[in-house]
Protein chains: 4
Amino acid sequence: MGTKSRKQAEKESRRESILQAAEVIMTKGGLHSLSVDAVAQQAQLATGTIYLYFKNKEEILATLTIKARLQLLSAFEKVEQSDSTPLDKIKQIVQKNYLFYQENPLYYDLVSLYEANNTLVESDEMYKSSEKITHLVSRMIDEAKRAGTLNENIDIQNFTLCLWGMTTGILQLIKVRGNIIYEKMQIEPTHLLDTFLEILENGINKKL
Amino acid sequence: MGTKSRKQAEKESRRESILQAAEVIMTKGGLHSLSVDAVAQQAQLATGTIYLYFKNKEEILATLTIKARLQLLSAFEKVEQSDSTPLDKIKQIVQKNYLFYQENPLYYDLVSLYEANNTLVESDEMYKSSEKITHLVSRMIDEAKRAGTLNENIDIQNFTLCLWGMTTGILQLIKVRGNIIYEKMQIEPTHLLDTFLEILENGINKKL
Amino acid sequence: MGTKSRKQAEKESRRESILQAAEVIMTKGGLHSLSVDAVAQQAQLATGTIYLYFKNKEEILATLTIKARLQLLSAFEKVEQSDSTPLDKIKQIVQKNYLFYQENPLYYDLVSLYEANNTLVESDEMYKSSEKITHLVSRMIDEAKRAGTLNENIDIQNFTLCLWGMTTGILQLIKVRGNIIYEKMQIEPTHLLDTFLEILENGINKKL
Amino acid sequence: MGTKSRKQAEKESRRESILQAAEVIMTKGGLHSLSVDAVAQQAQLATGTIYLYFKNKEEILATLTIKARLQLLSAFEKVEQSDSTPLDKIKQIVQKNYLFYQENPLYYDLVSLYEANNTLVESDEMYKSSEKITHLVSRMIDEAKRAGTLNENIDIQNFTLCLWGMTTGILQLIKVRGNIIYEKMQIEPTHLLDTFLEILENGINKKL
DNA sequence: AATGAATGAGAGTTCATTCAT
DNA sequence: AATGAATGAACTCTCATTCAT
């Protein structure tokens, strides 16, 4: 391997370590706590150095968000490639999303941030990473429809969006209210999720 | 009426005018644009005066959020008191929520803010305003169940939460992505909502 | 005097003291050395306080520039009101300008700054303060022309601008090169000025 | 040619390419836009390399300023070598200066920068480049004087400086205020220049 | 009760210069 | 000779909160 690629690798690794530092900061204090100074300190770099790797703070957030989306996509792909029935796959997607939220709360937050904030502008790359997820889900719904297990008058694109919206809403509820719901009603997050899945299944199942 | 209660009333009215000022500011520039100075100026008060009526900026937001929740509750109550079938009422609740978002975007945003941000702590009063909505929906679901139009193995509380979560998610999707969805896929918000309602109805309907 | 006007006066005086601090800073280190932090420190105020009195750093500069221009105008007015001959007045204007540069180098620099930098935008107030000077000079040239001591084919506005340009150029030369000129050629600034005045007089005098 | 001089030549050429890069940057964005990084990038060199050829950023500016002065000098020399009358030559010098400003705005700015900023220190080399211009003008004035077309009591050196100052002032006025003067008074730059030349000619002409 | 001037930490960003490689 | 990553001080500006009056 030549000098050039080694340097490239070093540069990439430094970039990565900045991203990691940013993750540490946000994992500790929430998305809102991200500041360039804090990242620099965490990464043991000077403030200005950060700007050698990212054009501004927003680019750090955007980069991490794309990473998060791709990771979510990757989790979904495993579901797609499994040999479950098409309907089960749809349900598993929802469950994977929940797992993703549990195992990687920061990434989940990043995905949600851009999902929930219409003042943030998404770059082409960001939009593409989002589209990949949408397309995957669309494919799965199409598959289910062709397998004849889906209510016929469901439009694929339309339902893809609905599924995404509903799931996001349920997970958000669990995330923000999960604790208090458990304390006051003894309802566990997974219970909520199961109910959602049941409604979903009934809602889209072919009527006999 | 004694002096005390007159003073109380004056104080209450001043408090109200501050809240109104805050609404004006946020309606113009979004939740993010709220600053204590801006509120003071809009209310024609001194900055310090704001702090005589609210312990801090967050309390203003919290108070308005309660107001918003109560207004949403009031809209829901009209549905409850209508003479539709129990199942229709549930669907109308969702639609009312969409109307609320359209007619009062600021209040909708306020409701969403606390719904979506688990770093904000809710006071007892806030929780109660939230509970009122939950209870109303629970009552309606119970009604539907007793009318025999609901799938029997649905737990009321559980479904209440799910309904809230799903609806919130769909509306959030419409709010943030509505435009781009229309541009790229020619799917209108109401179409999305209708699909959701159809899935919902099928999902909770009694199976024959 | 009521409370209101006292407060107003206090506010005005604080504003004034900030301007004074800015003058101190720039007198020490040149126009370029002006920084909001430095001004705050000099004025014994917090950084943020400066922004209560000036919307940004540029406003400080602009305000001082207007002050400078008005002071120069005031010096010119004394010449205008004297009972010299019209031609002498024109020459005295040049000399007053030189005195202004000597006695108030900072103000002279401020006048020059906006004179020499076409990236800076001038507000209406600034432009007016500039116009006042131009008008005064125009009046004096008009007077000289009507007195018959001026070359007839001189256009008043045109000559006003030329006079201003030439004078500025000479003073700038004196300011920047004055020392070195004296060291290397033993020519004193006033000598330079006198030569300029002589050329000027000959240049505009009515030919016999 | 030995190794040493080849290396020397290479070094010189590299230095030249850096200067050229700096010119490109400043031509695009003005004197103010010059940054060492930008120059390095434009020159396709590493930042640090710039410092092998120039001790600091200022030296780049200074070197270019000398270049600019020499180019102006060269333009003046053409006037000197023409067969106009001595008085015409003096006027042509002014016009050449205006042309220089029009055709090479960057170089004009560089000449002005050091002309207008007494915080910048000039090296010996810089002073010499300045002196060459002064000497040329002095020669021409001397010539005019000896030809008997010049007012006798004009001191050559003294007038040289005055001429330079006045011209600089007029051009600066045209540069900074030219547009607004045209918009508000419909006076064209060349008109201003002509007026100046007329005053100048009258001012220095031998009186009959 | 009301004022509003003052605070000052904190934000994002830039850039001339250095130095280990 | 050349690199270019790293520095870190400097910059302007914001804003929730306090407190003397």
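Values in this document were obtained by computation on a predicted structure and should not be read as measured data.
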**Q** Under 3.5 Å, is there a donor-acceptor pair between the A/Y53 and A/E59 side chains?
**A**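 No.
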**Q** Search all heavy atoms of B/V121 against all heavy atoms of B/Y114 and return the closest pair with its distance.
**A**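 It is O-CE2, 4.2 Å.
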**Q** Round to a whole Å and report the spacing from CD1 of A/I18 to C1' of F/dA5.
**A**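 Rounded to the whole Å, the gap is 11 Å.
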**Q** Applying the Watson-Crick and G-U wobble criteria at under 3.5 Å, what pairs with F/dG4? Answer none if nothing qualifies.
**A**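 Paired with F/dG4, as far as the under-3.5 Å criterion goes, is E/dC19.
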**Q** Touch check for D/F54, heavy atoms < 4.0 angstrom, all strands: base, sugar-phosphate only, or nothing?
**A**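 The residue D/F54 makes no contact with any strand.
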**Q** Given that C/N56 and A/R14 both sit by DNA chain F, which one's nearest nucleotide is further toward the 5' end?
**A**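 The answer here is A/R14.
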**Q** Which one, F/dA5, E/dA1, F/dA1, comes nearest to the side chain of D/K11?
**A**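 The answer is F/dA1.
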**Q** Does C/R15 reach a base, just sugar-phosphate, or nothing at all? Heavy atoms under 4.0 Å.
**A**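 Counting heavy atoms under 4.0 Å across all strands, no contact is made by C/R15.
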**Q** Could you please name the option among F/dT7, E/dA5, E/dT3 that lies closest to any side-chain atom of B/T47?
**A**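 My answer, after comparing the listed nucleotides, is E/dA5.
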**Q** So, do B/D109 and B/L113 sit near enough that their side-chain heavy atoms are less than 4.5 Å apart?
**A**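 Heavy-atom side-chain distance check fails, nothing below 4.5 Å.
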**Q** Would you say that B/V39 contacts B/L19 through its side chain, given a criterion of any heavy-atom pair below 4.5 Å between the two side chains?
**A**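 No, side chains not in contact.
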**Q** From C-beta outward on C/A46, which listed nucleotide comes closest to its side chain: E/dA16, E/dG8, F/dA1?
**A**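 Closest nucleotide to the C/A46 side chain: E/dG8.
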**Q** Measure CG/D/D37 against C1'/E/dT13 and give the value in whole Å, please.
**A**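 Rounded to the whole Å, the gap is 14 Å.
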**Q** In Watson-Crick or G-U wobble terms, both distances under 3.5 Å, what is the partner of F/dA9?
**A**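 Pair assignment: F/dA9 / E/dT14.
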**Q** Rounding to an integer number of Å, can you tell me how far C/E10 CD sits from E/dG4 P?
**A**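 Value for this atom pair: 13 Å.
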**Q** From NE2 of B/H32 over to P of E/dA11, roughly how many Å is that when rounded to an integer?
**A**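 In whole Å, E/dA11 P and B/H32 NE2 are 14 Å from each other.
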**Q** With nearest nucleotide decided by heavy atoms, which residue, A/L34 or C/G48, maps closer to the 5′ end of DNA chain E?
**A**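 That would be C/G48.
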**Q** How would you label the contact of D/V36 with the nucleic acid (heavy atoms, under 4.0 Å): base, sugar-phosphate, or nothing?
**A**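 Result for D/V36 = base.
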**Q** How many Å lie between CD on C/Q41 and P on F/dA10, as a whole number?
**A**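 So the two atoms are 11 Å apart, to the nearest Å.
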**Q** Side-chain contact test, heavy atoms from C-beta onward, threshold under 4.5 Å: evaluate it for A/K28 versus A/S33 and give yes or no.
**A**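 No - every pair of side-chain heavy atoms lies 4.5 Å or more apart.
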**Q** Separation of C/L52 atom CG from E/dG4 atom C1', in whole Å?
**A**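 These atoms are roughly 9 Å apart.
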**Q** Pick base, sugar-phosphate or nothing for A/I60, based on heavy-atom distances below 4.0 Å to the nucleic acid.
**A**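 Nothing, no heavy atom under 4.0 Å.
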**Q** Measure from the side chain of C/Y51, starting at C-beta and using heavy atoms only, and say which of E/dA2, E/dT3, F/dC13 lies closest.
**A**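 Selected nucleotide: F/dC13.
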**Q** Could you tell me whether B/T49 contacts a base, only the sugar-phosphate backbone, or nothing, with contacts defined as non-hydrogen atoms closer than 4.0 Å?
**A**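 Base, at least one base atom sits under 4.0 Å.
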**Q** If you define the side chain from C-beta out and look only at heavy atoms, does anything of D/L45 sit under 4.5 Å from D/R14?
**A**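 Answer yes - side chains close enough.
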**Q** What's the NZ-P distance between D/K57 and E/dT17, to the nearest Å?
**A**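 Rounding to the nearest Å, NZ of D/K57 and P of E/dT17 are 8 Å apart.
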**Q** Taking the nucleotide of DNA chain E with the closest heavy atom to each, which residue, A/E58 or C/Y53, is nearer the 5' end?
**A**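 With A/E58 and C/Y53 compared, the 5'-side residue is C/Y53.
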**Q** Which whole-number value in Å describes the distance from A/Q8 CD to F/dT3 P?
**A**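 My rounded result for the distance is 16 Å.
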**Q** Across the strands shown, which category fits D/I50 at heavy-atom distances under 4.0 angstrom: base, sugar-phosphate, nothing?
**A**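 Result for D/I50 = nothing.
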